[in-house]
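Encoded as structure tokens, the structure appears first; notes follow it.
Counting starts at 1 for both ligands and their atoms, following the listed order. These numbers were taken from a predicted model, which means no experiment stands behind them.
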Amino acid sequence: MNSRYDVVILGAGHNGLVAASYLGRAGLSVLLLEKNDYIGGATTSQKVFPDYEARLSRYSYLVSLFPEKIIRDLGLKLELRQRATGSFTPYIKSGQHDGLLISNVDEGQSRRSIIDLTGSETEFEQMKKFYALSRVFAEHAWDTMLELLVAKEEMKRRFDVDDVSREAWRSLAEEPLGRALERYLQDDLVRGLVLTDAKVGIFTHPHDPSLVQNRCFLYHLIGNKTGEWKVPVGGMGAVARELERTARSAGAELLTNVNLVALDLKGKKKTVEFQIDGKQQTVETRFLLANFGRNVLAKYSGKTYEPGTVDEGSVFKINMLLRRLPKLKAKKYSMAEAWCGTFHSDEGYEQMNASYEQAAKGRLPDKTPCEVYCHTLTDESILSPELRERGFHTITLFGLDAPYSLFAKNNEIVRKQAEKKFLESMNQWLEEPLEDCLAVARDGSPCIESKSPVDIENSLGMYHGNIFQDAPTWPFATKKEQVGTWGVETEWENVFLCGSSALRGGAVSGIPGHNAARKVLEIIKKTPNCPSRTGTKRPTSNVELSKSR
Ligand SMILES: Cc1cc2nc3c(=O)[nH]c(=O)nc-3n(C[C@H](O)[C@H](O)[C@H](O)COP(=O)(O)OP(=O)(O)OC[C@H]3O[C@@H](n4cnc5c(N)ncnc54)[C@H](O)[C@@H]3O)c2cc1C
């Protein structure tokens with residue numbers, strides 16, 4: 001380790017690694033400091049149950065928003081695999097168990113499934129029209145995510161080209177999502193299915209005047225212009241490993257188990273004080289990039305963090321290793337078809353309005369909405385050959401309407417209660433309870449772990465367990481001073497956000513990491529006699545940041 005670097009990055013989440021890769025390739029000396037004992041932050045696979053060779057995506061698990069441009073620029077070897085089923089939503093009709101299946105590969109099957117549910121194909125056509133709005137939005141907005149922020153008015157002008165674009169702008173950027181959703185769709189289950197993308201990770205409802213639900217919805221629908229969520233082969237850890245490889249081969253130095261002590265952000269040279277292996281260290285840097293959220297940066301800069309009203313996280317994550325997949329009560333679809341997509345439970349539109357209201361009043365909802373994923377049906381490589389042969393699977397449950405405030409006072413007890421409720425929600429659709437299918441560790445404990453927003457904040461620093469570090473933002477500038485910026489700027493010169501807290505951050509996207517790197521390189525280009533490489537001597541790479549489209 002040197003005493004001076006061009007760039008120090010605080011946190012080694014995937015965005016910090018993206019920034020490090022770009023900046024290292026541009027010839028800058030880069031040091032990453034991570035508090036945890038592993039690299040990747042929320043983008044990680046771990047052997048959660050030590051007795052079994054199964055590497056679970058402990059936090060994030062699906063990828064949609066990682067731009068192909070970053071993959072190309074950095075030469076990342078990633079395989080993102082399509083799931084045959086988009087979603088499966090079990091329901092009971094006339095006393096019979098059935099299910100709504102939206103296929104990723106067979107539109108006819110989705111159509112038939114909606115007709116079975118609603119009795120006509122109108123809802124299917126309406127759903128297509130509704131999703132056409134987000135496709136149009138993606139066409140206009142996606143490529144700008146790796147460019148300087150444009151003003152809201154300018155973005156609106158770009159939509160002023162035809163009726164569908166104007167409708168997309170109005171429905172998704174101006175009025176609460178609930179309005180369009182209720183205008184287009186009539187069936188409660190279909191409405192609920194669509195609404196879930198507006199609620200993942202945040203505490204909101206369809207008519208929230210803050211429009212945070214719209215922003216969350218857009219994040220789920222515009223990725224690479226298709227909005228399709230794919231399984232990273234090898235789990236999320238494969239994404240982090242690949243980025244770690246590119247960062248290291250670009251010359252970046254990575255330190256884990258770092259205890260950050262103090263930051264001095266004021267002068268031209270920033271200083272970072274930290275402890276590692278029991279020793280106190282100080283490094284000087286020209287650029288400081290914060291991969292952790294604004295809340296953590298505030299703590300170290302002596303500022304009071306002032307969260308927005310919609311920054312609270314709302315998530316309940318359960319990771320499970322199963323000896324076998326439980327059979328479903330609904331028999332229309334094969335087990336593999338039903339389980340390999342996003343399995344929705346208790347996510348009817350009115351059900352979620354009720355669960356939101358109950359959680360807002362400070363109690364766990366009667367019916368806890370959740371979605372469940374069995375990634376091993378799409379990518380079995382996360383299990384050892386022996387576990388595959390024995391029929392093991394991993395299951396991950398993502399619970400909604402589980403805000404931080406419910407857990408803040410008594411995390412241990414409420415976590416247990418919530419786990420029970422979410423499992424009950426799933427069990428209503430299964431022939432045998434999930435609990436009976438869990439693998440068992442040598443000490444007799446079942447292979448299940450639950451993480452509340454409090455746990456997520458404790459492990460990763462994400463503000464109140466917000467999976468995007470704080471509320472997702474619009475893909476355009478909403479304030480005058482943001483126009484023409486990268487959305488990574490802070491009040492301190494040469495101190496930038498390179499993680500999810502940046503504008504257009506959030507999710508596994510690498511976008512803020514890319515944008516922070518662009519900002520640094522832009523400054524260097526404008527400064528005479530730069531880059532002044534202060535760190536280890538390495539040959540300057542010829543790789544420049546290629547221009548955004
Ligand atoms: C349960 C869960 C499920 C999710 N599911 C998905 C999904 O399926 N798909 C998707 O796209 N997104 C998902 N997300 C969101 C996504 O994972 C995050 O938005 C993204 O990974 C954040 O990446 P990042 O690099 O910006 O920050 P982080 O991953 O938060 O990295 C920040 C790093 O800073 C470190 N740090 C914090 N404090 C300090 C300190 N004091 N000193 C040094 N280091 C520190 C942290 O340990 C961490 O390594 C999920 C998130 C969670 C929590």
Side-chain angles (χ1 to χ4, degrees), residues 8-20 32-44 56-66 80 200-202 216 219-220 223 229-232 235-236 239-240 243-244 254-263 272-276 289-300 313-319 342 371 373 375 396-399 402 449-453 455-470 472 488 497-502 504-516:
V8 170
I9 301 179
L10 304 173
H14 82 285
N15 274 311
L17 297 169
V18 166
L32 282 97
L33 302 174
E34 166 60 45
K35 80 171 169 78
N36 284 334
D37 61 0
Y38 70 91
I39 298 293
T43 308
T44 178
L56 283 79
S57 296
R58 196 168 210 162
Y59 301 102
S60 55
Y61 40 90
L62 290 174
V63 178
S64 172
L65 287 147
F66 206 96
L80 304 175
V200 169
I202 54 168
C216 186
Y219 270 81
H220 283 90
W229 288 86
K230 295 185 179 171
V231 175
M236 269 299 172
V239 177
L243 286 167
E244 181 181 348
L254 283 73
L255 298 180
T256 51
N257 289 312
V258 166
N259 179 16
L260 206 55
V261 176
L263 301 176
V272 182
E273 255 181 74
F274 59 96
Q275 290 167 340
I276 186 162
L289 268 50
N291 184 189
F292 46 53
R294 290 171 199 269
N295 56 326
V296 184
L297 183 60
K299 181 176 136 196
Y300 286 101
S314 173
V315 51
F316 197 81
K317 176 98 188 318
I318 311 184
N319 295 314
T342 304
E371 33 222 52
Y373 307 78
H375 300 312
T396 196
L397 180 150
F398 192 107
E449 77 157 9
S450 292
K451 295 213 174 267
S452 73
D455 301 320
I456 289 171
E457 181 171 72
N458 290 343
S459 308
L460 296 164
M462 293 171 149
Y463 174 73
H464 281 194
N466 190 315
I467 68 166
F468 309 117
Q469 293 184 346
D470 38 47
V488 299
L497 300 166
C498 73
S500 295
S501 253
R504 303 175 292 183
V508 178
S509 75
I511 291 171
H514 166 279
N515 291 349

Close-contact set for ligand 1 against [X] heavy atoms, below 4.0 Å:
| X | value |
| --- | --- |
| G41 | 29 (O), 48 (C), 49 (O) |
| L460 | 37 (C), 46 (C) |
| N36 | 47 (O) |
| G11 | 33 (C), 34 (O), 35 (C), 44 (N) |
| N15 | 23 (O), 24 (P), 25 (O), 26 (O) |
| L33 | 43 (C), 44 (N) |
| W229 | 9 (N), 10 (C), 11 (O) |
| K317 | 1 (C) |

Any [X] heavy atom less than 4.0 Å to ligand 1:
| X | result |
| --- | --- |
| F398 | yes |
| Y300 | yes |
| T43 | yes |
| V63 | no |

**Complete:** Taken in chain and number order and not counting sequence neighbours, the residues that satisfy ring pair (Phe, Tyr, Trp, His ring centres under 6.0 Å) with F292 are none

**Message:** Could you work out, with ring pair (Phe, Tyr, Trp, His ring centres under 6.0 Å) as the rule, every residue matching Y61, not counting sequence neighbours?
**Reply:** Y373, H375

Considering heavy atoms of the protein only, find what lies nearest to [atom] and give residue, atom and distance to 0.1 Å.
| atom | value |
| --- | --- |
| atom 51 (C) of ligand 1 | I467 CB, 3.3 Å |
| atom 44 (N) of ligand 1 | K35 N, 3.2 Å |
| atom 9 (N) of ligand 1 | L62 O, 2.7 Å |
| atom 30 (O) of ligand 1 | Q469 NE2, 3.2 Å |
| atom 22 (C) of ligand 1 | S500 OG, 3.1 Å |
| atom 11 (O) of ligand 1 | V508 N, 2.8 Å |
| atom 13 (C) of ligand 1 | S60 CB, 3.3 Å |
| atom 35 (C) of ligand 1 | E34 OE1, 3.3 Å |

**Request:** Would you confirm whether W229, through its side chain, and G223, through its main-chain N or O, come within 3.5 Å as a donor-acceptor pair?
**Result:** no

**Message:** Any side-chain to backbone donor/acceptor pair from R58 onto T44? Under 3.5 Å, distance only.
**Reply:** no

**Best match, Y61, F468, F292: closest heavy atom to atom 45 (C) of ligand 1** = F292

**Request:** For a side chain to side chain contact (heavy atoms under 4.5 Å, CB included) with K451, tell me which candidate from I318, V315, I456 qualifies.
**Result:** I456

**Message:** As an exercise, state the distance from CE of M462 to CD of Q469, rounded to the nearest 0.5 Å.
**Reply:** 5.5 Å

Please examine the side chains of [Y] and [X], heavy atoms only from C-beta on, and report whether any two atoms are closer than 4.5 Å.
| X | Y | answer |
| --- | --- | --- |
| D470 | N295 | no |
| N36 | L460 | yes |
| T396 | S57 | no |

